Q: 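Quick one: the structure is below, and I'll ask about it shortly.
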Protein chains: 2
Amino acid sequence: MRDLAIGELAGTTGCKVQTIRYYEQIGLMPHPPRTSGGQRRYADEHVSRLAFIRHARDLGFDIEAIRQLLALADQPDLRCGEVDQIARQRVAEIDTKIEQLAGLRSEMKRMIRQCKRGRISECRIIGTLANPAFTYWR
Amino acid sequence: MRDLAIGELAGTTGCKVQTIRYYEQIGLMPHPPRTSGGQRRYADEHVSRLAFIRHARDLGFDIEAIRQLLALADQPDLRCGEVDQIARQRVAEIDTKIEQLAGLRSEMKRMIRQCKRGRISECRIIGTLANPAFTYWR
DNA sequence: CCTTGAAGCTCTAGTCACTGGAGAGTTTAG
DNA sequence: CTAAACTCTCCAGTGACTAGAGCTTCAAGG
């Protein structure tokens, strides 16, 4: 698991090649060593750092939060309360998102139920969407 | 409720002024009549069209889907099955998102539980995020 | 009628987190 | 040694807005 080309790193982490180069460019990933021909070669530490980044992204952390987390991780003598805080905040955000989506879902279902599959002029979906009164759920 | 300036339209629909101009630019909103001085003036039809767009956006439809919906609505003799289809697809997308978020949420909670509030070197949050095995929930 | 300040105008550029393509160079298996 | 597959850099584009500069127009009060 050493000296991976960028495509292999991409393969093992499920991250696209361009995305890895992008992360390097914005300073989330370090500049890796290069071959004499100029190609990037990655080691295990890069694999786990990228896995960290991807996983955090998938969890919905934005780049700035990940940068903080990485900075924290690079100074292991700090207390982890700060990390914990960021995570708790994320859970709260996730809860809000889930609630919102559940609301949207029930409104969509309601609209579909009302759709009589007739002509569009009778279609309740468009009518509902056009009605400014139906913004209660925001 | 006639001859609204762009700011008044923005006020009644909860949409920003720049966003309205943007919608006009990309062809979602029509070019409204202008005063002799070049300012846009809107009528009731614009209010409901913009309300439709905003509501659909809030429900998570993307611009392209809204464009389709509007095109459909402009031809009231078509059957509404197509509209129904678009809405059903949206529900499926919402369901997927909710599932994903629920998965993320439980992992975040687990990470928080494991955080012993000690040093980061013992903090399970960063370790968990760095572990490529923890991608099961995707 | 005139002034004044809020609101409008266009145009350009920036945001976030990538994604895609052109055109050239490098690596590796057979 | 060749050919295919991969990688390089650089630049531009995506979606859905958002912000700002610098200027013009509108409407209400005096």
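A note on names: the letters A, B, ... follow the listed sequences, proteins ahead of strands, and every chain is numbered from 1. The model shown is predicted, which means the values in this text are computed figures rather than measured ones.
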Q: Taking atom P of C/dT10 as reference, at what distance in whole Å does atom NE2 of B/His31 sit?
A: 11 Å
Q: Between A/Arg40 and D/dC6, is there a contact of a side-chain N or O with OP1 or OP2 at under 4.0 Å?
A: no
Q: Atom pairs, N/O to N/O, protein against nucleotides 18-21 of chain D, distance under 3.5 Å?
A:
residue	atom	partner	partner atom	Å
D/dT18	OP2	B/Thr19	OG1	3.3

Q: B/Val91 and A/Lys109: which non-hydrogen atoms are nearest, and at how many Å?
A: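 Looking at all heavy atoms of both residues, the shortest contact is CG1-CD, 4.0 Å.
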Q: Any side-chain heavy-atom pair from B/Tyr42 and B/Asp3 closer than 4.5 angstrom?
A: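 They are not in contact (no side-chain heavy atoms under 4.5 Å apart), so the answer is no.
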Q: Under the rule for side-chain hydrogen bond (donor to acceptor under 3.5 Å, both in side chains), what residues qualify as partners of A/Tyr22, not counting sequence neighbours?
A: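 In terms of side-chain hydrogen bond (donor to acceptor under 3.5 Å, both in side chains), with neighbours along the sequence ignored, A/Tyr22 is linked to no residue.
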Q: Which atoms form the tightest heavy-atom contact between A/Arg67 and A/Ile26, and what is the distance?
A: NH1-O, 2.9 Å
Q: In whole angstroms, how far is the P atom of C/dT19 from the CD1 atom of A/Ile20?
A: 11 Å
Q: Please output the side-chain donor-acceptor pairs of residues 27-37 of chain B that fall under 3.5 Å, not counting sequence neighbours, one pair per line with the distance.
A:
residue	atom	partner	partner atom	Å
B/His31	ND1	B/Glu24	OE2	2.9
B/Arg34	NH1	B/Gly38	O	2.8
B/Thr35	OG1	B/Gly37	N	3.3
B/Thr35	OG1	B/Gly38	N	3.3
B/Thr35	OG1	B/Gln39	N	3.0

Q: Compare every heavy atom of B/Val17 with every heavy atom of B/Gly7, then report the nearest pair and how far apart it is.
A: CA-CG2, 3.9 Å
Q: Could you tell me which non-hydrogen atom of A/Thr13 sits nearest to which non-hydrogen atom of A/Val47, and how far apart they are?
A: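 Looks like CG2-O, 4.1 Å.
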Q: Does A/Glu8 have any side-chain contact (heavy atoms from CB on, under 4.5 Å) partners at least two apart in sequence or in another chain, and if so, which?
A: A/Leu4, A/Ala5
Q: Could you give the CZ-to-P distance, from B/Arg34 to D/dT24, as a whole number of Å?
A: 16 Å
Q: Taking all heavy atoms of B/Ala10 and all of B/Cys15, pick out the closest pair and write down the distance.
A: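 Taking B/Ala10 first and B/Cys15 second, the nearest heavy atoms are CB-O, 2.9 Å.
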Q: Using a distance-only test with no angle check, is there a side-chain donor-acceptor pair under 3.5 angstrom linking A/Arg49 and A/Tyr23?
A: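 Short answer, no.
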Q: How many Å lie between OH on B/Tyr42 and P on C/dA7, as a whole number?
A: 16 Å
Q: For a quick test of reading the model, state the closest non-hydrogen atom pair linking A/Arg57 to A/Asp62 and the distance between them.
A: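 For A/Arg57 versus A/Asp62, the nearest heavy atoms are NH1-CA, 3.7 Å.
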Q: Would you mind reading off the bend of the helix from C/dC1-D/dG30 to C/dG30-D/dC1 from its two end axes, five pairs each, to 10 degrees?
A: 10°
Q: For DNA chain D, whose closest nucleotide is more 5', that of A/Gly7 or that of B/Arg57?
A: A/Gly7
Q: So, is B/Tyr23 close to the D/dA16 phosphate, meaning a side-chain N or O under 4.0 Å from OP1 or OP2?
A: no
Q: At under 4.0 Å between heavy atoms, which parts of nucleotides 24-30 of chain C does protein reach? Answer with one letter per nucleotide, 5' to 3': B base, S sugar-phosphate only, - none.
A: -BSS---
Q: Expressed in angstrom and rounded to an integer, what is the separation of A/Leu9 atom CG from D/dC6 atom C1'?
A: 15 Å
Q: How many Å lie between CD1 on B/Ile26 and P on D/dC17, as a whole number?
A: 8 Å
Q: Using atom CD1 of B/Ile6 as one end and atom P of C/dA7 as the other, report the distance to the nearest whole Å.
A: 13 Å
Q: Whole-Å distance between D/dC17 P and B/Gln25 CD?
A: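 In whole Å, D/dC17 P lies 13 Å from B/Gln25 CD.
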